Amino acid sequence: MTRRRVVDLTGARMDQGAALIVRHALADMGPGDEVRVVGDDASLVPTLRALARALGAPFTVEADGACVLGASTHPDGRRTGGMLVPTAPADHAHPRWGLAARGTLVEAGGPEFAFPLAEKRAVWTDELARLYAQAAAAQWDPATAIPWAEPRCDDDAVEAAVVQVMAYLVENETAALLVPARFCAQVHPHFREVLQLLAIQTADEARHIEVFTRRAGLEAPRGPGPAPMPPLSTVGGQTSLKSLVDEPDFALASFLLSVLGEGSFLSLLRFLDRYAPDAVTRAVARLAAQDEARHVAFGLAHLERQTALDPSLRPQLAAAVHARHDALAHTAGLNAEVFDALVLIAGHQPNRPAWDPVGIATGWNAVQELIAEMDAGRQVRLRRLGFSGAEAAALSALHTRNFM
Ligand SMILES: [Fe+2]
Ligand SMILES: [Fe+2]
């Protein structure tokens, strides 16, 4: 049965939002229903005629000057042909959903967005919400979380070793920032949890770059006297990182970066936390390691789900390790300066000179243990992705000697 609703706008002004009352009255009316509007504003008729045109609603003016708007098409023409974005993540995100929030109705006729990562299976893990909440709660402030005023190591050789390691960390952290930042812009925003996680991971890396740069003191104003030898950034290190930054596939990039690279870095940061010669180095290593553990957890969870859904991904992951190994075969891998610096740091005993043979032997053994620990960690994570023990051992051995 046709309903007719009367809206009395006597005293209301059309240029002060009175048309909104008419739109509201039309909103829950069905096909054939009408809204009759009376009022005394001189612009009542032209305003409501324009509104009816915009809504695609029939419009008549009656003898007494009242306007009648029909709801014969749809209460809001803009909604006709719209797409409802599901509230839960869909298997495939439609290009027309664009930037719209889940649970909204996307008006017809809008633009299509070309987000390359629009399949749930390519980006999703059920761990996302938990990992994002953990990351949001664990953000730390570099200005206050690090005891910057604490003294540096008073042995010049050990201090130079710390600076070399920090410079090495900065370039690795920069690769770790660029990779999630690039994929963040490729994931369909329908999977907002993935965007949020990649964004907060990028912010983590921004902090790591900041604190390692600051601890290295490379950008600090220099006093008088000869400048110390600058730390080295090597061909081998940057070539290894370039192969990571250039990897175009999300699954392969997160495998190489998070599962293998950041996984190895977890061991390195814990090593630095343990052997740091000063409080600042210890604090930056410890805080970065906390963040890295989450990055590794996300990479693993995402790939665990993806390899379970698509077992053909596993040989692709293995092929990526082989291809990267072959591409880097002609490079030195970890630069000797970083290796030596780690030996000096781990072997240093207060009140002993840095180059003391006992200290060097201690440091050497500690670095061998570190490399073995990195290898064992990689093998554990590879087995979690379904590789056999033998496959995991072989793939771990082919991982870049640059660690990342
Ligand atoms: Fe990092
Ligand atoms: Fe990271």
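In this chain, residues are counted from 1 in sequence order. Keep in mind that this is a model prediction, so the values were computed, not measured. Both counts, for ligands and for their atoms, begin at 1 and track the order of listing.
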*To the nearest 10 degrees, how large is the angle at the Fe ion (ligand 2) between Glu292 OE1 and His295 ND1?*
90°
*Looking only at N, O or S atoms, find the one in Glu205 nearest to the Fe ion (ligand 2) and name it.*
OE2
*Name all residues meeting the side chain to side chain contact (heavy atoms under 4.5 Å, CB included) criterion together with Val61; count only those two or more places apart in sequence or in a different chain, and write none if there are none.*
Val45, Arg49, Phe59
*asked:* For the Fe ion (ligand 2), give me the closest N/O/S atom belonging to Glu262, just the atom name.
replied: OE2
*Quick one: pull up CG in Leu195 and SG in Cys184 and give me the separation to the nearest 0.5 Å.*
4.0 Å
*Can the ring centres of His190 and Phe115 be said to be less than 6.0 Å apart?*
no
*Report the name of the N/O/S atom of His208 located nearest to the Fe ion (ligand 1).*
ND1
*Of all the N, O or S atoms in Glu173, which one sits nearest to the Fe ion (ligand 1)?*
OE1
*Using 2.8 Å as a strict upper limit, say whether an N, O or S atom of Asp291 approaches the Fe ion (ligand 2) that closely.*
no
*Separation of Ile21 CD1 from Arg23 CZ (nearest 0.5 Å)*: 11.0 Å
*Examine distances only and state if a side-chain atom of Ser240 and a backbone atom of Met404 form a donor-acceptor pair shorter than 3.5 Å.*
yes
